[in-house]
Amino acid sequence: MYRFNPAGLINADLIVGIPPQREAKILPEIISQISKGLRDHFPDFIAAIVKIESPSQNGRPNLQTADGVPVITISKPALAGRGQAIYFLLQEMVRLNARAAVVIDPNHASVTPEWIRDLAAPILYGYDFVAPLYSRIDGDENLGSHICYPFIYGLLGKRIRYPIGGEMAISSELAQYYLSLNWSAAAQQDGVDIFMTLHALLGNFECCQTALGPKHKKYSAEHFNLFKQVVSVLFDELLAHKARWLSPVDVNEFKIFGESPSRNFASALHVNGRAEAALREFHRSRPFLKTALSPELMPALCEMYDRQSVAIDSQMWMQILYEIFYHYEKIESKDELIKGLESLYTGRLMTLLKESAEAEGVLEKLIKNQAECFYKFRSRLTEKFEYELAAA
């Protein structure tokens, strides 16, 4: 691993980490916004920007400073992915004895100096984990809204709206806790955001949300590796901590710093050309789905997909996810089961697209109602596990 530390920095109060980026053209502007945020809002702090590079980015000029803020560059051959980059960032945070670390998604141009202030400040007030709360996301955020959020709300009773938003802030205590954990291959890649959010909650760390405003990100169709990594980390970590959610749980609201965007909250939804692929994948995955879904649910889905008229409402979506989650640890062909789930997930998105087409703001209400449905009917899942434990 190559580490470029031009200032010879051995101690810092606050660092801002930038994982490897796809949108290289906007990186200089992002670094400029970060450095301005550090200079304007934390002028008395020793601060640094930590840039993690993937092998394809090697050979780029290493910045020594950005408007007076030191820039540390870490480059490692065969970098596994975003998760491993954040792992190196956490190591650097511990090495520098930093009180707080902010992670910025470098693949969009929405970052402002105020984002650095709003993410870092709660850590300095005593919180351990800061999740983002966006007023709008123009690109994909479907996985977070329609799988991760319902599960976290439904099983843990935690209302973290954007559990895989991309931006976050972390305390030194939480960083050391993360480094003590076992990071799966998926957590070292695109499953890292849900991994970190879950363990902040499961580890009983002080969590909050901060309002950041809109996030403008290019739309890119979710690919199966991303879907598989996020879902597998979510399922694996929840299954490893059954004791935390098998008993009844109360709903926990988290303090929101900044102006809540609830009045003008908007969400984007993209299906773009995925319908035909979802229909094909459902038919290919029928044998695997049949092992996980109930005799009442599977025929109804087969009829929908055979007629190419899919309507998966929130209650049916809750049944689908809970039944697949229950059978996930019992089936050997986990990837095949997740592929089948992805075809149903696209069907749910298609349904939501129709339901939310009438007016702005409808989709967010549907997302909220969907998560509440998961919480309301959580006993349908927990009773299965409890019966299994009693019979063992």
Side-chain angles (χ1 to χ4, degrees), residues 3-19 21 26-52 62-74 85-86 88-106 108-134 162 165-178 196 200 205-215 254-259:
R3 184 173 172 278
F4 179 70
N5 182 6
L9 200 66
I10 59 172
N11 185 268
D13 301 307
L14 169 62
I15 63 172
V16 179
I18 308 175
Q21 60 281 344
I26 63 175
L27 182 61
E29 176 60 21
I30 289 172
I31 290 177
S32 175
Q33 294 295 312
I34 292 171
S35 64
K36 189 174 189 307
L38 291 170
R39 286 185 291 106
D40 289 356
H41 301 296
F42 302 98
D44 298 326
F45 282 57
I46 300 173
I49 297 170
V50 180
K51 183 163 60 81
I52 317 292
N62 286 315
L63 297 174
Q64 294 195 20
T65 63
D67 295 324
V69 178
V71 178
I72 297 171
T73 301
I74 296 175
I86 292 177
F88 292 144
L89 172 66
L90 297 174
Q91 287 183 322
E92 190 70 1
M93 181 185 183
V94 171
R95 190 191 71 79
L96 294 171
N97 198 29
R99 293 167 57 190
V102 172
V103 178
I104 293 293
D105 179 355
H108 62 85
S110 306
V111 182
T112 69
E114 288 65 42
W115 278 30
I116 308 306
R117 175 197 64 196
D118 295 341
L119 285 162
I123 302 295
L124 305 176
Y125 298 152
Y127 287 89
D128 295 298
F129 182 78
V130 185
L133 188 61
Y134 306 108
Y162 286 101
E167 277 72 38
M168 69 186 82
I170 303 150
S171 72
S172 58
E173 292 81 3
L174 181 54
Q176 292 181 37
Y177 178 73
Y178 284 143
M196 296 178 78
F205 287 90
E206 290 293 328
C207 302
C208 67
Q209 301 177 92
T210 193
L212 295 180
K215 179 173 181 174
F254 294 92
K255 182 173 177 60
I256 297 172
F257 287 88
E259 186 177 348

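The basis for the numbers below is simple: all heavy atoms, side chains too, and nothing from hydrogens, waters or symmetry mates.
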**Item:** Nearest-0.5 Å distance, CG of residue Leu212 to CG of residue Asp118
**Value:** 6.5 Å
**Item:** Atom pair CD1/CD1 of Ile52 and Ile74 - distance to nearest 0.5 Å
**Value:** 4.0 Å
**Prompt:** Are any non-hydrogen side-chain atoms of Asp40 and Glu114 less than 4.5 angstrom apart?
**Reply:** no
**Flag side-chain contact, heavy atom, 4.5 Å: Ile170 against Val103** = yes
Listed pairs under 3.5 Å, donor-acceptor, residues 124-133 side chains, sequence neighbours left out:
residue : atom : partner : partner atom : Å
Asp128  : OD1  : Ser171  : OG           : 2.7
Asp128  : OD2  : Glu206  : N            : 3.1

**Fill in**
Arg39 meets the salt bridge (charged side-chain N to carboxylate O under 4.0 Å, His left out) criterion, sequence neighbours left out, with Asp67
**Fill in**
Sorted by chain and number, sequence neighbours left out, side-chain hydrogen bond (donor to acceptor under 3.5 Å, both in side chains) with Asn97 holds for none
**Prompt:** Where do Ala48 and Leu9 come nearest, in terms of heavy atoms and distance?
**Reply:** CB-CD2, 3.6 Å
**Asked** Minimum heavy-atom separation for Pro106 to Pro19, with atom names?
**Response** CG-O, 3.3 Å
**Prompt:** Can you check whether Ile46's main-chain N or O pairs, donor with acceptor, with Asp13's side chain at less than 3.5 Å?
**Reply:** yes
**Approximate separation, where rounding is to 0.5 Å, of Phe254 CZ and Cys207 SG** = 5.5 Å
**Asked** Under 3.5 Å, side chain of Ser35 to main-chain N/O of Ile31, donor-acceptor pair present?
**Response** yes
**Prompt:** Rounded to the nearest 0.5 Å, how far apart are CZ of Phe205 and CG of Leu174?
**Reply:** 5.0 Å
**Message:** In the structure I gave you, are the side-chain heavy atoms of Met168 and Met196 within less than 4.5 Å of one another anywhere?
**Reply:** yes
**Euclidean distance, Lys51 NZ relative to Thr73 OG1, rounded to 0.5 Å** = 4.0 Å
**Fill in**
Closest non-hydrogen contact found for Ala120 with Val102 is CB-CG2, 3.8 Å
**Request:** Taking the side chain as every heavy atom from C-beta outward, state whether Ile104 and Val111 have any pair of such atoms under 4.5 Å apart.
**Result:** yes
**Asked** Listed by chain and number, what are the side chain to side chain contact (heavy atoms under 4.5 Å, CB included) partners of Ala101, not counting sequence neighbours?
**Response** Ile15, Met93
**Prompt:** With sequence neighbours excluded, what pairs up with Phe45 under the ring pair (Phe, Tyr, Trp, His ring centres under 6.0 Å) test?
**Reply:** Phe42
**Prompt:** Which atoms form the tightest heavy-atom contact between Thr112 and Gln33, and what is the distance?
**Reply:** CA-OE1, 3.7 Å
**With Gln176 via side chain to side chain contact (heavy atoms under 4.5 Å, CB included) - residues at least two apart** = Val94
**Asked** Judged by atom type as modelled, is there a donor-acceptor pair below 3.5 Å linking the side chain of Lys215 to the main-chain atoms of Gly165?
**Response** yes
**Item:** Residue pair Arg99 / Ile123: nearest heavy atoms and the distance that separates them
**Value:** O-CG2, 3.7 Å
**Message:** Set out, in order, the CA-CA distance, both residues' side-chain angles and the distance that settles side-chain contact (heavy atoms from CB on, under 4.5 Å) for Asn11 and Leu96, then state yes or no.
**Reply:** CA-CA 4 Å; Asn11 185 268; Leu96 294 171; 5.8 Å; no
**Message:** Taking the side chain as everything from C-beta on, heavy atoms only, tell me whether Val50 gets closer than 4.5 Å to Ile18.
**Reply:** no
**Message:** How close do Asp105 and Glu167 get, counting heavy atoms only, and between which atoms?
**Reply:** N-OE2, 2.9 Å
**Request:** Can you label the angle between the Tyr134 ring and the Tyr162 ring as parallel, tilted or perpendicular, going by 30° and 60°?
**Result:** perpendicular
**Prompt:** So how far is it from Leu90 CG to Ser172 OG, rounded to the nearest 0.5 Å?
**Reply:** 11.5 Å
